[in-house]
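Please read the structure below before turning to the comments.
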Number of protein chains: 2
Amino acid sequence: MAEATIRDVARRAEVSVASVSRALNGLDNVRAETREKVIKAANELGYVPHAGARSLSLARAHAIGVVLPDLHGEFFSECVRGMDKEASRRGYLLLLSNMHDDSDQAAVALRAMRGRVDGLLVMAPHIAPETLEHAIPPALPSVMLNSHADLPGRPALRFDNRAGAEAMVDHLVANGYRHIVHIAGPEGNLDAAQRADGYLAACARHALPARILPGDFNEEAGEAAAREILASSTPTDAVFAANDMMAIGCLHALRSAGTQVPEQIAVAGFDDVPLARYLSLSTIRVNIAEMGARAVARLIDLLEGKDLTRASETLPPELVTRATTAPRTAHPNGAAHA
Amino acid sequence: MAEATIRDVARRAEVSVASVSRALNGLDNVRAETREKVIKAANELGYVPHAGARSLSLARAHAIGVVLPDLHGEFFSECVRGMDKEASRRGYLLLLSNMHDDSDQAAVALRAMRGRVDGLLVMAPHIAPETLEHAIPPALPSVMLNSHADLPGRPALRFDNRAGAEAMVDHLVANGYRHIVHIAGPEGNLDAAQRADGYLAACARHALPARILPGDFNEEAGEAAAREILASSTPTDAVFAANDMMAIGCLHALRSAGTQVPEQIAVAGFDDVPLARYLSLSTIRVNIAEMGARAVARLIDLLEGKDLTRASETLPPELVTRATTAPRTAHPNGAAHA
DNA sequence: CAACCGTCCGTAACCGGTTACATAACTCGC
DNA sequence: GCGAGTTATGTAACCGGTTACGGACGGTTG
């Protein structure tokens with residue numbers, strides 16, 4: 001019942017464990033005949049090496065740990081998909097762990113990785129850098145994603161949220177919108193804060209009034225914001241939500257209330273989730289899959305000694321203009337499909 | 001630089017490694033004073049146990065391996081999310097590995113799990129059962145998801161694709177549609193085959209003509225099918241795609257061509273991806289997250305000796321009716337938003 | 001005081017691999 | 001026929017934990 005070990009193979013092939021190891025790992029100091037005996041025995045026993053034992057003696061697990069917060073829908077899958085693609089291309093496995101919003105739990109998740117992975121990918125926009133630094137086993141190489149500040153020795157990859165938000169405001173202004181409301185993301189979330197900053201900066205630059213409504217990255221927050229906007233007396237001709245899900249909630253709520261989008265109020269989001277395309281929602285593309293893949297690539301380079309810079313990277317944002325922010329002056333009636 | 005080991009802690013606390021192990025694992029045969037010394041030393045050194053070594057001597061990794069095929073978008077994230085939720089609740093980590101369509105690669109992925117995980121979750125609707133059985137390390141408990149046939153000793157969880165497809169056809173018929181075309185999934189895919197079966201069975205039951213167009217689960221296939229339908233002289237009043245993405249592709253292509261949905265042609269899908277709700281697409285809900293969570297629960301029960309039945313489960317499908325299959329007779333013009 | 005018991009702790013074996021080092025066997029040159 | 005050099009192989013230590021086993025110690029009992 002129990003799986004065969006290297007010693008079982010050695011016994012059956014009538015050689016030593018060292019020879020089995022050498023033969024199966026393709027070292028060249030093994031007689032061809034011996035190698036064949038070993039391979040035959042291994043096949044007969046259905047021997048599969050015990051990766052745990054292997055990584056213990058090699059001090060190499062060929063796995064990388066991924067610690068992510070609770071991500072909204074597609075974001076999560078895209079991120080993991082990008083990571084997995086690069087990881088499997090380079091022969092690594094991904095060990096996944098969700099850290100929920102609590103920082104103690106995060107510490108537990110991070111510690112659980114010790115001794116099973118060669119390095120860590122950590123996305124924790126909601127955890128203070130000192131807390132994080134303390135929670136990550138110090139000798140584990142790691143790459144941070146969307147983290148607050150740089151941790152010493154740990155490269156970070158992040159999106160230029162601020163530039164993205166500014167680009168969107170610029171776009172809205174260029175298309176004739178002047179009263180732009182921002183629906184913010186959750187308090188304490190770095191992405192959310194940077195997007196709000198970019199919005200404020202751009203408004204200031206254009207000498208436009210700024211108005212921020214609270215939100216939490218969920219669709220319902222977008223709906224609530226729409227109600228608020230419709231009920232309020234402040235004039236509003238565009239809504240820029242800190243993420244697509246809120247923009248979508250807002251879009252639906254506005255349309256359900258009979259408001260024409262974009263004729264009366266334009267709507268824009270951030271992230272470019274697949275849904276956005278179907279709803280013709282203008283947004284800022286955040287290629288999270290690529291970020292994941294790059295993070296893995298950086299980490300593996302680091303592990304294999306190929307990355308000596310340890311520099312952080314900022315990925316440029318990309319403005320995606322669709323029908324929900326069509327130019328204010330010209331608005332053909334039914335140009336709403338992808 | 002290197003991480004502290006249990007021996008470092010023992011040295012600093014001036015006790016033996018055995019005491020350190022006992023103290024840190026909460027065994028009761030340790031004097032309170034000793035335990036404190038150990039904890040103090042461990043904290044000072046920032047000691048984190050090496051999970052790999054631990055699992056080697058305990059023969060328990062507290063991790064479960066997940067081997068999935070290339071899943072389309074949200075399906076993947078939902079599945080992993082459900083698994084992760086249950087796994088982290090019960091103190092297990094998830095080791096992820098994509099197996100692409102190739103069965104050799106699948107074997108590699110499965111073997112790489114040996115010695116790292118206590119059990120396996122395998123979704124492989126495209127791999128022959130014998131091949132699979134041969135590829136899974138025999139002593140690894142595992143739960144199959146959507147697999148072809150039952151493997152001995154390995155419980156399987158699957159959706160009742162056939163019943164779901166029948167339910168959708170029944171619904172279309174009840175709503176007055178008579179010329180229903182099915183867009184099939186990829187050749188050799190079990191889900192696809194069962195859905196097609198259900199479609200054929202229901203058509204036969206209603207004495208309706210059946211017509212199947214080829215597809216591959218991607219949006220483009222849905223678009224191609226739409227063109228085919230529009231170009232063909234065969235009358236068609238409803239399209240039932242084997243998954244939502246194809247239905248969505250078809251829906252867009254039909255609308256772009258000026259066809260009214262559902263007035264001229266109804267469209268239905270399968271899966272109920274989040275997008276479906278926004279597009280008011282009728283579909284069969286496949287609660288993949290719950291399936292993932294259940295699979296994890298079953299596997300852990302198996303690992304901990306709580307599940308003795310090893311029985312397979314079939315999860316019932318759920319029909320979700322929305323605007324794209326509204327009754328044929330009454331079709332209010334603009335009832336298309338969620 | 002000896003016998004006995006319980007508690008706490010340390011030594012060393014073990015999990016399943018890899019590999020440094022020692023050794024054996026074999027070739028080659030002289 | 002012998003030493004040097006090369007190559008294939010085996011022995012045992014090691015990776016970092018856990019734990020069976022036994023010893024030391026102190027307290028109780030007869």
Side-chain angles (χ1 to χ4, degrees), chain A residues 1-38 41-42 45-63 111-118 137 139-140, chain B residues 2-39 41-42 45-63 111-118 137 139-140:
Chain A
M1 187 60 193
E3 300 272 357
T5 74
I6 196 172
R7 288 167 229 272
D8 298 326
V9 178
R11 201 168 312 130
R12 179 174 260 257
E14 300 179 296
V15 299
S16 72
V17 292
S19 290
V20 175
S21 178
R22 287 190 279 251
L24 295 181
N25 288 314
L27 302 207
D28 54 1
N29 52 350
V30 186
R31 216 159 24 118
E33 188 196 340
T34 307
R35 189 186 305 273
E36 275 173 32
K37 271 196 302 185
V38 169
L45 292 173
Y47 171 69
V48 180
H50 188 289
R54 195 149 197 272
S55 75
L56 183 58
S57 68
L58 287 178
R60 227 70 185 19
H62 277 276
R111 296 164 59 102
M113 294 287 177
R114 158 90 217 273
R116 340 173 90 117
V117 301
D118 299 328
L140 261 189
Chain B
E3 300 272 357
T5 74
I6 196 172
R7 287 168 229 272
D8 298 327
V9 178
R11 201 168 312 129
R12 179 174 260 257
E14 299 180 298
V15 298
S16 73
V17 291
S19 291
V20 175
S21 178
R22 286 189 281 250
L24 295 180
N25 288 314
L27 301 207
D28 54 2
N29 52 349
V30 186
R31 224 168 6 129
E33 188 197 340
T34 307
R35 189 186 305 274
E36 275 173 32
K37 272 197 303 187
V38 168
I39 291 179
L45 292 173
Y47 171 68
V48 180
H50 189 288
R54 194 148 197 272
S55 75
L56 182 59
S57 68
L58 288 178
R60 226 71 183 26
H62 277 276
R111 296 163 58 103
M113 294 286 176
R114 157 91 216 274
R116 305 182 196 261
V117 301
D118 299 328
L140 261 190

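Proteins come first, then strands; the chains are lettered A, B, ... in the order of their sequence lines, and each starts at number 1.
- Per the geometry, CG belonging to A:D28 stands 10 Å off P belonging to D:dT7, to the nearest Å.
- Neither OP1 nor OP2 of C:dT18 sits under 4.0 Å from any side-chain N or O of A:S57.
- Look at B:T5 and you won't find any side-chain N or O under 4.0 angstrom from OP1 or OP2 of D:dG16.
- Legend: residues meeting side-chain contact (heavy atoms from CB on, under 4.5 Å) with B:I39, ordered by chain and number and at least two apart, are B:L24, B:R35, B:N43.
- Using a 4.0 Å cut-off, some side-chain N or O of B:S21 falls inside it from OP1 or OP2 of D:dT18.
- Between the NE2 atom in B:H50 and the OG atom in A:S55 there is a gap of 6.5 Å [rounded to 0.5 Å].
- Of the two residues near DNA chain D, B:R54 and A:R35, the one whose nearest nucleotide lies more 5' is A:R35.
- Whole-Å rounding puts the B:R60 CZ to C:dG16 P distance at 15 Å.
- For a distance-only test at 3.5 Å, the side chain of A:R7 qualifies as a donor-acceptor partner of the base of C:dG17.
- A straight line from CD1 of B:I6 to C1' of D:dC14 spans 16 Å, rounded to a whole angstrom.
- Between B:L58 atom CG and D:dA20 atom P there is a gap of 11 Å when expressed in whole angstrom units.
- Contact annotation: B:R22 side-chain N/O to C:dC9 OP1/OP2 distance is not under 4.0 Å.
- Rounded to whole angstrom, the span from the CG atom of B:L27 across to the C1' atom of D:dA20 amounts to 13 Å.
- An OP1 or OP2 oxygen of D:dG10 is reached within less than 4.0 angstrom by a side-chain nitrogen or oxygen of A:S19.
- Within the 4.0 Å cut-off from OP1 or OP2 of C:dC9, not a single side-chain nitrogen or oxygen of B:N29 is found.
- For the pair A:R11 CZ and D:dG10 P, the interatomic distance rounds to 14 Å; values are reported in whole Å.
- When the C1' atom of C:dG16 is taken as reference, atom CG of A:L45 falls 15 Å away, rounded to whole Å.
- A close approach under 4.0 Å does occur between a side-chain nitrogen or oxygen of A:R31 and OP1 or OP2 of D:dT9.
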